Amino acid sequence: MEQSKIEQMLASLNPAQREAATYNIGPLLVLAGPGSGKTRVLTSRIAWLLSQDKAEANEILAITFTNQAADEISQRLQEALGQELPRVSTFHSWAYQLLKEGRLDKELLTPIDEELAKDLFKDCALNLGHKAKEAGELYKTLSKLRQEWPLNVDSVPTLNKLYGEYRQQLHRLGVCDFDELILDALRLLSDDHDLRQELIAKIKWILIDEFQDVSPAQYELLKLLAPKNANITFVGDPCQSIYSFRGAEPELINHLQADFPGLETIWLDICYRCPQNFLDGASHMLKAGAPNLFVPKLVSSKGTGKKIALKVCRDEYTEARWIARTIDKIVGGLSFDSINFGKASGQTMRSFNEIAVLYRLNALGDLLEKELKLQGIPVNRPGKAVKSINSDLKKLHHLWEIVHNKNRKFHLEMLAAKTAEDKVNESSLRELELMRLRIEPAELLLKLAQYLELDIDSPSIQGLLKRVKHQQGSFNLSLFMRDEADLLDLNFEAVSLLTLHAAKGLEFPIVFVAGCETGLIPWKENKLIDEERRLFYVGLTRAEDELYLSYAKKRSFWGQRIKGEPSPFIKDIPGNLLRPIKTQRPKKQKAKTRQLTLFD
DNA sequence: GTGGAGAAGATTTTT
DNA sequence: TCTTCTCCAC
């Protein structure tokens with residue numbers, strides 16, 4: 001390995017970052033504020049471990065929360081080192097790997113995604129005499145329970161039997177759901193003492209990213225792998241924990257000291273992303289609601305910066321148009337208005353992909369998308385329609401997988417349960433399988449839909465066909481079904497429209513947060529107000545240069561007209577950090593005066 | 001197994 | 001408000 005490269009890497013870190021990257025031995029907690037170079041630290045740390053011969057690549061276990069984050073770290077390591085690299089994986093993929101290795105004799109389990117798992121669970125519930133509605137409830141309850149370890153399904157008597165049945169079905173069909181992956185790994189390691197010791201001996205260094213999003217079950221898995229004095233590094237930011245609805249337990253951070261005595265804590269408190277004003281506003285807001293929460297004082301590397309702009313709008317339409325108009329001005333649009341604006345304020349030109357509009361509910365994105373497009377602003381709205389999968393699409397999906405010979409047993413049974421018996425017979429399936437080799441994916445899909453006698457003119461199937469049309473070779477059909485084929489591409493010249501959740505981990509020079517009203521932010525249905533606060537904190541700390549908050553005094557929502565009060569969170573931002581934007585009513589007059597000055 | 005009336009419920013999203 | 005779900009009658 002090139003030592004100079006590593007040295008260069010370490011030299012570019014600030015003292016706290018470097019201390020974290022080169023922390024020698026024992027448990028370590030790195031509290032990394034927004035924009036404080038968390039990924040750099042993780043990457044440098046792995047590079048340092050390897051270069052100092054502290055570990056071989058296979059002795060390092062690096063766990064991230066998403067595949068995307070895992071890829072990013074892998075890629076950065078590849079660039080820096082280009083040698084044999086440690087595997088960076090998610091909890092789920094690591095667990096899967098472990099189970100695969102531990103079960104060579106048995107049939108390989110294939111993970112299925114949540115939608116399919118839910119279907120199977122519901123089938124089981126119906127077979128055991130539960131009603132459909134009840135089945136949905138039970139699934140939710142089970143999901144919650146499965147985030148804990150030891151598992152306590154007995155606490156809900158009706159669930160006990162059902163869960164047993166469900167697991168049996170999963171096993172029989174040779175599939176596994178995501179929660180079960182973690183649980184199976186836990187079962188395996190708690191039972192097989194030798195295997196556990198073997199792993200402990202093998203894995204010398206553990207690094208956990210996004211610790212604030214780890215579930216209790218995942219934490220138990222970590223504890224099984226790491227003795228009390230292990231070389232384990234937790235990286236996270238409790239202020240950015242926003243995923244409790246899918247099992248994250250931010251309180252776990254308080255258990256660390258007891259579970260790993262001698263734990264050292266390092267703060268990364270220099271923020272390279274946001275100006276000081278945004279940081280101060282965001283932390284003040286966070287502290288106001290949770291006085292007991294330790295919110296670190298973040299120092300910006302960029303100076304004071306601009307104030308946080310605040311715009312009050314008459315209603316949601318005015319808000320959407322104001323955002324559209326402001327974006328147009330910022331990018332130096334060609335309308336008369338924009339040219340004047342650009343000249344008057346001496347703005348630097350921006351491109352669309354430097355701008356993001358954030359909001360709490362996907363529903364708000366619809367109007368924004370419409371209005372921005374109306375103004376000729378290109379938009380990028382990844383992952384908007386997550387649950388557009390209807391039963392036709394499900395059937396089609398099953399048949400697609402059967403024809404591609406993936407999880408054949410599972411999909412055959414699921415399809416059979418949804419269609420008439422005689423539909424799914426081997427000889428016609430074989431015919432379809434042969435057809436697959438000859439024709440394009442879109443054409444095949446159409447044939448499959450016709451075979452199932454689905455309504456091929458329905459919007460869902462037409463939409464799917466359209467999206468699949470330009471695909472070749474193999475691809476993930478379920479992604480296309482969920483409308484997620486167009487993933488967030490930041491190089492694409494368009495304004496990003498995102499939920500606050502989806503914005504996590506991203507940054508943009510210019511950020512709008514729309515719908516900053518009581519009832520929306522915090523979302524009234526969420527009882528965890530603190531988490532809503534953290535979500536807003538995440539939103540505010542995405543901005544590099546300019547931050548605009550807006551709210552509407554009236555908003556139509558689910559048929560009701562709601563009177564919009566400003567979000568209480570806005571009131572928690574010190575007034576001196578805010579810059580109210582006034583309504584520029586006398587538009588004509590303004591243009592006139594400006595024209596006059598030109599002739600002066 | 002289909003269709004229609006009526007009720008319910010409507011976040012956030014990764015693996 | 002508007003879409004989706006549920007359930008019962010046919």
Side-chain angles (χ1 to χ4, degrees), chain A residues 63-71 89-97 110-118 122 126 130-137 140 143 146-147 175-185 209-210 213-215 217-218 221 240-248 358-366 382-391 417-421 423 453 455 459-460 476 478-479 482-484 487-488 498-505 515 519-528 531-532 534-536 538-539 555-562:
Chain A
I63 295 206
T64 58
F65 214 67
T66 61
N67 280 321
Q68 202 191 340
D71 289 346
S89 49
T90 61
F91 270 106
H92 293 89
S93 60
W94 183 80
Y96 179 59
Q97 204 65 36
T110 322
I112 50 173
D113 56 351
E114 173 112 22
E115 200 65 33
L116 296 173
K118 215 171 175 175
K122 278 189 176 169
L126 292 175
H130 294 284
K131 297 211 166 164
K133 201 177 160 191
E134 204 185 346
E137 291 293 311
K140 263 190 210 159
S143 295
R146 289 200 294 176
Q147 306 302 326
V175 293
C176 184
D177 72 23
F178 287 119
D179 285 342
E180 217 53 31
L181 278 175
I182 304 293
L183 296 175
D184 274 345
D209 191 15
E210 306 280 15
D213 289 332
V214 165
S215 72
Q218 289 165 338
L221 191 54
Q240 292 185 68
S241 169
I242 56 175
Y243 281 118
S244 71
F245 66 90
R246 61 168 214 234
L358 313 181
Y359 37 82
R360 176 65 238 260
L361 266 55
N362 253 318
L364 295 201
D366 294 342
K384 57 174 171 181
V386 184
K387 6 177 177 169
S388 60
I389 312 166
N390 58 29
S391 65
K418 288 179 182 4
T419 47
E421 287 283 323
K423 258 286 138 225
E453 293 173 4
D455 175 14
S460 57
N476 186 338
S478 48
L479 277 187
R482 280 182 303 200
D483 242 351
E484 285 171 13
L487 294 165
L488 182 61
L498 300 163
T499 61
L500 288 165
H501 282 89
K504 197 186 168 201
L520 274 175
I521 298 175
W523 173 235
K524 59 184 174 190
E525 303 292 311
N526 190 353
K527 286 169 201 97
L528 304 169
E531 183 161 288
E532 292 288 316
R534 294 193 292 267
L535 187 57
F536 195 49
V538 167
R555 187 183 293 272
S556 295
F557 203 56
W558 292 336
Q560 295 159 297
R561 270 204 96 68
I562 291 169

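Remember, predicted model here, so these are calculated numbers, not experimental data. In the text below, chain A, chain B and the rest are named by the order of the sequence lines, each starting its count at 1.
Donor-acceptor pairing under 3.5 Å, judged by distance alone, is present between the side chain of R360(A) and the base of dT12(B).
When atom types are taken as modelled, the side chain of Q240(A) and the backbone of V538(A) share no donor-acceptor pair closer than 3.5 angstrom.
OP1 and OP2 of dT1(C) both lie 4.0 Å or more from every side-chain N or O belonging to S556(A). Using a 4.0 Å cut-off, no side-chain N or O of N362(A) falls inside it from OP1 or OP2 of dA10(B).
In this structure, the CH2 atom of W94(A) is 19 Å from the C1' atom of dT14(B), given to the nearest Å. If you measure from atom NE2 of H501(A) to atom P of dT13(B), you get 7 Å, rounded to the nearest angstrom. Rounded to whole Å, the distance from CD1 on I521(A) to P on dT12(B) is 12 Å. We find that CG of L500(A) is positioned 10 Å from P of dT13(B), with the value rounded to whole Å. If you measure from atom CG of L116(A) to atom C1' of dT14(B), you get 15 Å, rounded to the nearest angstrom. Between I242(A) atom CD1 and dT12(B) atom P the separation is 12 Å, expressed in whole Å. Counting to the nearest Å, the P atom of dT11(B) and the NZ atom of K140(A) are 10 Å from each other. One can place CZ of F557(A) at 14 Å from P of dT3(C), the figure rounded to the nearest angstrom.
The same atom, C1', is picked in dT13(B) and in dC2(C); the two are 24 Å apart, to the nearest Å. With both ends at atom P, the span from dC5(C) to dT12(B) equals 16 Å, rounded to whole Å.
Comment: E210(A) engages K504(A) in a salt bridge, judged by a side-chain N to carboxylate O separation of less than 4.0 angstrom.
Among the atoms of the strands shown, none is found under 4.0 Å from any heavy atom of E531(A). Using a 4.0 Å heavy-atom criterion, one finds that N67(A) contacts the sugar-phosphate atoms exclusively.
Which of dT11(B), dC7(C), dT14(B) sits closest to the side chain of W558(A) comes down to dT11(B). When distances run from any side-chain atom of K133(A) to the nucleotides dT6(C), dT11(B), dT12(B), the shortest one goes to dT6(C).
Nearest approach of S215(A) to Q147(A), heavy atoms of both residues: CB-OE1, 3.7 Å.
Taking the side chain as every heavy atom from C-beta outward, K524(A) and E532(A) never approach each other to under 4.5 Å. Side chains of V214(A) and F91(A) form a contact here, defined as non-hydrogen atoms less than 4.5 Å apart.
Toward the 5′ end of DNA chain B lies the nearest nucleotide of E137(A), the other residue of the pair E137(A) and D179(A) mapping further downstream. Each of F65(A) and F245(A) was matched to the nucleotide of DNA chain B holding its nearest heavy atom; the match closer to the 5' end belongs to F245(A).
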